[in-house]
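First the structure, in the form of structure tokens, and then the observations on it.
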Amino acid sequence: MSKPSVAELRPVVHPAGVKDRRSGEHWAGRLYMREISLRWTRHLVNTRITPNQLTYLMVVAGVAAGAVLLVPGLTGAVLAALLIQFYLLLDCVDGEVARWRKQTSITGVYLDRVGHYLAEAALLVGFGVRAADVFRTEGASANWLWAFLGTVAALGAILIKAETDLVDVARSRSGLPAVKDEAAVPRSSGLALARRAAAALKFHRLVGGVEASLVILLVAVADVLHGGLFFTRLGVAVLAAIAVLQTLLHLVSILASSRLR
């Protein structure tokens, strides 16, 4: 069976709305990864590899990104950033293969969400363990405070996703349809203004997998130039603070909007 061309794939695997979803499509997907993924998808659609197998591989890549951060120095940070890009690629490809073959399923959606939880949490925990200096490159013993802060950041990243997903759970159990984007706007004009300001600054994205991997790479470069783990530890503290603050603000935003009505 011949491979479909990119032009044949595009209207099927990128139907209207896929790349334009405000809350469902990552900026990196819109910017470049959806075009790269099409080139991979055309080689995979006629193989025996299933969409769910690609999702499992996505999870492995994401968790591995956190694990390689135990490699000291710039090497670990570079490997983590590359693995997160591979994770993002697979996150695009699994859905594209499923749509081409008409194999989309609730199981696939569930595995995809679990994969995001695990991968992003693993990256932030790995960042914290890296900052704890488990290989004692700076001191006589590891400083586990940084591992704790990395875990706090990971917990916050999970809770932010859970708060969003639980809106659909609550609506489904109440017999309501899926929430629309416009319902996310807080009913209070003051809160709506604050939400727009936060969205413009986009600081909350820093605890996401792609953004966090870039932060980790940036602070690793700074540490190479400066020496020690000062910037890595600063990065862990900043991401932990952002995760905690964003978890609280996101919960308030949901409760103050029409998403639960």
*Excluding sequence neighbours, so at least two apart, what forms side chain to side chain contact (heavy atoms under 4.5 Å, CB included) with T47?*
L44, I49, R101
_Using modelled atom types and a 3.5 Å cut-off, is there a donor and acceptor pairing between side-chain atoms of R99 and backbone atoms of T104?_
no
Please tabulate, for the side chains in residues 209-220, all donor-acceptor contacts under 3.5 angstrom to protein atoms that are two or more places apart in sequence or on a different chain.
from	atom 1	to	atom 2	distance (Å)
E211	OE1	H26	NE2	3.4
E211	OE2	H26	NE2	2.9
E211	OE2	W27	NE1	2.6
S213	OG	G209	O	3.4
S213	OG	V210	O	2.7

*Decide yes or no for L149 and R233: does some side-chain heavy atom of the first lie under 4.5 Å from some side-chain heavy atom of the second?*
no
*Which atom names give the shortest non-hydrogen contact between L260 and A170, and what distance separates them?*
CD2-CB, 4.3 Å
*Taking side chain as C-beta onward, heavy atoms only, is V59 less than 4.5 Å from V114?*
no
*Identify, with sequence neighbours excluded, every residue that meets side chain to side chain donor-acceptor pair (under 3.5 Å) alongside E96.*
H14, R34, S37, T41
_Restricting to non-hydrogen atoms, name the atom on N46 and the atom on P4 that form the minimum distance, rounded to 0.1 Å._
ND2-CD, 4.0 Å
*Ignoring hydrogens and angles, tell me if any N or O in the side chain of S253 forms a donor-acceptor pair with the backbone of L249 under 3.5 Å.*
no
*Heavy-atom neighbours of L225 CG exceed 12 at 6.0 Å*: yes
*Regarding T55 and D112, is there a side-chain donor-to-acceptor distance under 3.5 Å anywhere?*
no
*asked:* Applying side chain to side chain donor-acceptor pair (under 3.5 Å), can you list everything that pairs with Y110, at least two apart in sequence or on another chain?
replied: none
*Are the side chain of T232 and the backbone N or O of L229 linked by a donor-acceptor pair below 3.5 Å?*
no
_Checking the side chain of S174 only, and the main-chain atoms of L176 only, is there a donor and an acceptor separated by less than 3.5 Å?_
no
*Check whether any side-chain N or O of R130 sits under 3.5 Å from a backbone N or O of L69 as a donor-acceptor pair, and report yes or no.*
yes
*Return the set of residues passing side chain to side chain contact (heavy atoms under 4.5 Å, CB included) with T164 (not counting sequence neighbours), or none when no residue passes.*
H250
*Do D165 and Y117 come within less than 4.5 Å of each other through their side chains, counting heavy atoms only?*
yes
Side-chain donor-acceptor pairs under 3.5 Å in residues 71-88, sequence neighbours left out?
from	atom 1	to	atom 2	distance (Å)
Q85	OE1	Y32	OH	2.7
Q85	NE2	Y32	OH	3.3

*By salt bridge (charged side-chain N to carboxylate O under 4.0 Å, His left out), which residues pair with D168, not counting sequence neighbours?*
none
*Listed once per pair and sorted, the salt bridge (Lys or Arg N to Asp or Glu O under 4.0 Å) pairs that draw on residues 144-159, sequence neighbours left out*: none
*Only counting residues at least two apart or in another chain, list the ones meeting side chain to side chain contact (heavy atoms under 4.5 Å, CB included) with V6.*
R10, L38, R39, R42
*asked:* Quick test of your reading: applying salt bridge (Lys or Arg N to Asp or Glu O under 4.0 Å), list the pairs with at least one residue in residues 114-124, sequence neighbours left out, ordered by first then second residue.
replied: E120-K161
_Holding to ring-ring contact (aromatic ring centres under 6.0 Å, His included), I want the full list of residues that pass it with F231, two or more places apart in sequence or in another chain._
H226
*asked:* So does Q53 get a backbone contact from the side chain of T50, meaning a donor-acceptor N/O pair under 3.5 Å?
replied: yes
*Who pairs with T107 by side chain to side chain contact (heavy atoms under 4.5 Å, CB included), at least two apart in sequence or on another chain?*
N52, S105, L111
*Would you say the side chain of V207 lies within less than 4.5 Å of the side chain of Q246, judging by non-hydrogen atoms?*
no
